[in-house]
Amino acid sequence: MIATLIVAWIVFVILWKLLKATLKNALTIAAILILLNISFGITPQDIWHHIMQFTQSLSNIQTGK
């Protein structure tokens, strides 16, 4: 019984740390996107479009096109 509680506590602590890190990163990204939108009128779709263009450019460089 005690071993089960210890394992459950360890799993809970690990999941809690993971959740905190995930939420922190998500809120940071959301804040950056909001600031970019308010300051410069850059939308998340604009950023996504540029990311896709960048990855396509990298792919073309790797294949030698």
Side-chain angles (χ1 to χ4, degrees):
M1 178 75 175
I2 293 175
T4 304
L5 289 174
I6 292 171
V7 171
W9 180 253
I10 291 171
V11 170
F12 173 75
V13 169
I14 291 171
L15 289 176
W16 180 251
K17 288 181 181 182
L18 181 66
L19 181 66
K20 277 187 3 182
T22 302
L23 287 175
K24 181 180 176 184
N25 288 335
L27 290 175
T28 301
I29 291 170
I32 290 170
L33 289 174
I34 289 169
L35 288 173
L36 284 173
N37 194 353
I38 291 171
S39 301
F40 304 108
I42 298 172
T43 64
Q45 291 83 10
D46 294 335
I47 295 171
W48 185 252
H49 177 72
H50 285 287
I51 290 171
M52 295 308 292
Q53 281 182 335
F54 179 71
T55 55
Q56 188 176 17
S57 298
L58 285 179
S59 175
N60 290 340
I61 290 171
Q62 286 180 345
T63 59
K65 291 183 181 179

Less than 3.5 Å apart, which donor and acceptor atoms pair up between the side chains of residues 13-27 and the rest of the protein, not counting sequence neighbours?
unit_1 : atom_1 : unit_2 : atom_2 : d
T22    : OG1    : L18    : O      : 2.8
N25    : ND2    : A21    : O      : 3.4

State which residues pass side chain to side chain contact (heavy atoms under 4.5 Å, CB included) with I32; sequence neighbours excluded, sorted by chain then number.
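Per chain and number, I32 pairs via side chain to side chain contact (heavy atoms under 4.5 Å, CB included) with T28, L36.
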
Do L33 and L35 sit in one hydrophobic cluster, given that two such residues count as connected whenever their side-chain heavy atoms are within less than 4.5 Å of each other, even indirectly?
no

Could you pull out all residues at least two apart from F12 that satisfy ring pair (Phe, Tyr, Trp, His ring centres under 6.0 Å)?
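F12 satisfies ring pair (Phe, Tyr, Trp, His ring centres under 6.0 Å) with W9 once adjacent residues are dropped.
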
Indicate the atoms forming the closest heavy-atom contact of G41 with D46, along with that distance.
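Closest approach of G41 to D46: O-OD2, 4.1 Å.
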
Side-chain donor/acceptor pairs under 3.5 Å, residues 47-58, sequence neighbours excluded:
unit_1 : atom_1 : unit_2 : atom_2 : d
H49    : NE2    : Q53    : NE2    : 3.1
T55    : OG1    : I51    : O      : 3.3
T55    : OG1    : M52    : O      : 2.9
S57    : OG     : Q53    : O      : 3.0

Restricting to side chain to side chain donor-acceptor pair (under 3.5 Å), what partner residues turn up for N37, sequence neighbours left out?
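Result, side chain to side chain donor-acceptor pair (under 3.5 Å) vs N37: none returned.
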
Apart from I34 itself, residues in the same hydrophobic cluster as defined by side-chain heavy atoms under 4.5 Å:
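Joined to I34, directly or through intermediates: I38.
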
